[in-house]
Amino acid sequence: MLIRRPLDIPASEITPEQVYCDRRQFMRVAGGTLALAAVPAVLRARLLRAPRTDDDKPTPYEDITTYNNFYEFGYGKDDPSHNAGSFHPRPWTVTVDGEVHKPRTFDLDEIMRRWPAEERVYRHRCVEAWSMVIPWNGFPLAKLLAEVQPTAAAKYVAFTTVYRPDEMPGQKTDILPWPYVEGLRLDEAMHPLAILVTGLYGKPLPNQDGAPIRLAVPWKYGFKSIKSIVKIRLVATQPPTTWNMAAPNEYGFYSNVNPEVDHPRWSQKRERRIGEFLRRPTLMFNGYGDQVASLYTGMDLRANF
Ligand SMILES: Nc1nc2c(c(=O)[nH]1)N[C@H]1C(S)=C(S)[C@@H](COP(=O)(O)O)O[C@H]1N2
Ligand SMILES: [Mo]
């Protein structure tokens, strides 16, 4: 999704190699292909296009922690796991202020004690047309927001990533404006699917995945799920967001997963699930439409991409 260096191709090309290396997966694909040889051609084409049944098998920990987007640590998928080792996720505080009755700075330990993490296995769909299934550990963002009591003027929530160029080499470059910022409409932020994440597979969140606390908003493209958050501000007007500032025609504020609205440089109709061979259809709202579509009633999702 970088504008100065197109990343859409490499993101999808890596997968066949990974499948080949994952022997079990390879046998399954190869076996399926052999069995298909006995099936008439017309039916065969259909079977190949049919959605897979093992739909949401969690992506291996290894892939979730080595295939990352975190430009603060570089723009390559393996840069974050290589470069995030000297980042310090403790001590850590999150300041929540703006249009609230009770602005506060929370220590991360207090956050983790007050709102124990539950496991949420979420589909994660990057705008680059790859996806994963991630067993996050987290809690609803709504709980933290309720604690500070938003005023009637609060309509949006603005998030900011930590700015530490000495620990985050990417911040010494101008590949993006720093610090990384994101935003949600208040009703989106209050939705129970929107969570603050502090762990992964029951372990502390690795630095490359946004330690010590990041957002997960599973019905939106991955870049909305901002990492290493230090500030959450309730505001009256739509806040600026990093990718929208970088390339406004490519990345909108809403960024709901939508197979009907192509990215200007590639289709969003299908996606490559990391570890799988065949591409699968992308689902509206990443498959969470039954829970979130009502947030957008009456909105033109083509204009508000
Ligand atoms: N601060 C910050 N947050 C970020 C990013 C980033 O570069 N910086 N990348 C985003 C993108 S494009 C994606 S797809 C997800 C990737 O999360 P993951 O590496 O844990 O899969 O993080 C998002 N959050
Ligand atoms: Mo992404």
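Order of listing sets the numbers, starting from 1, for every ligand and every atom in it. Quick caveat, the model's predicted, so the values are computed rather than measured. The first residue in the sequence is number 1, and the count goes up from there.
Of all the heavy atoms of Thr161, the ones lying under 4.0 Å from any atom of ligand 1 belong exclusively to the side chain. At a heavy-atom cutoff of 4.0 Å, ligand 1 is contacted by the side chain of Glu72 but not by its backbone. At a heavy-atom cutoff of 4.0 Å, ligand 1 is contacted by no atom of Met132, backbone or side chain.
Ring geometry, Trp130 versus Tyr67: the interplanar angle exceeds 60°, so the pair is classed perpendicular (tilted spans 30 to 60°). Ring geometry for Trp115 versus Phe139: interplanar angle under 30°, hence parallel rather than tilted (30 to 60°). Classified by interplanar angle (parallel below 30°, tilted 30° to 60°, perpendicular above 60°), the ring pair Phe70/Phe73 is perpendicular.
Both the sub-6.0 Å distance and the 45° axial angle are not jointly satisfied by Arg302 relative to the ring of Phe305. A cation-pi contact, defined as under 6.0 Å to the ring centre and within 45° of the axis, is absent between Lys224 and Phe159.
The closest approach between any non-hydrogen atom of Arg214 and ligand 1 is below 4.0 Å. Not a single heavy atom of Ser228 sits under 4.0 Å from any atom of ligand 1.
The heavy atom nearest to atom 4 (C) of ligand 1, out of those in Tyr180, Phe70, Tyr221, is found in Tyr180.
Of the polar atoms of Trp130, none of the N or O atoms is found under 3.5 Å from an N or O of ligand 1, judged by distance alone. For ligand 1, none of its N or O atoms has an N or O atom of Trp136 under 3.5 Å away.
Here is the list of ligand 1 atoms found below 4.0 Å of a heavy atom in Asn68: 18 (P), 19 (O), 20 (O). Numbered from 1 in the order shown, with element, the atoms of ligand 1 that lie under 4.0 Å from a heavy atom of Cys126 read 14 (S). For ligand 1, the atoms sitting less than 4.0 Å from at least one non-hydrogen atom of Asn69 are 5 (C), 9 (N), 11 (C), 12 (S), 13 (C), 14 (S), 16 (C), 19 (O), 22 (O), numbered in the order shown with element in parentheses.
Of the possible donor and acceptor atoms, one in the side chain of Tyr288 sits under 3.5 Å from a partner among the backbone N and O of Arg123.
Using a cut-off of 4.0 Å between Lys/Arg side-chain N and Asp/Glu carboxylate O, Lys57 and Glu276 are scored as not salt-bridged.
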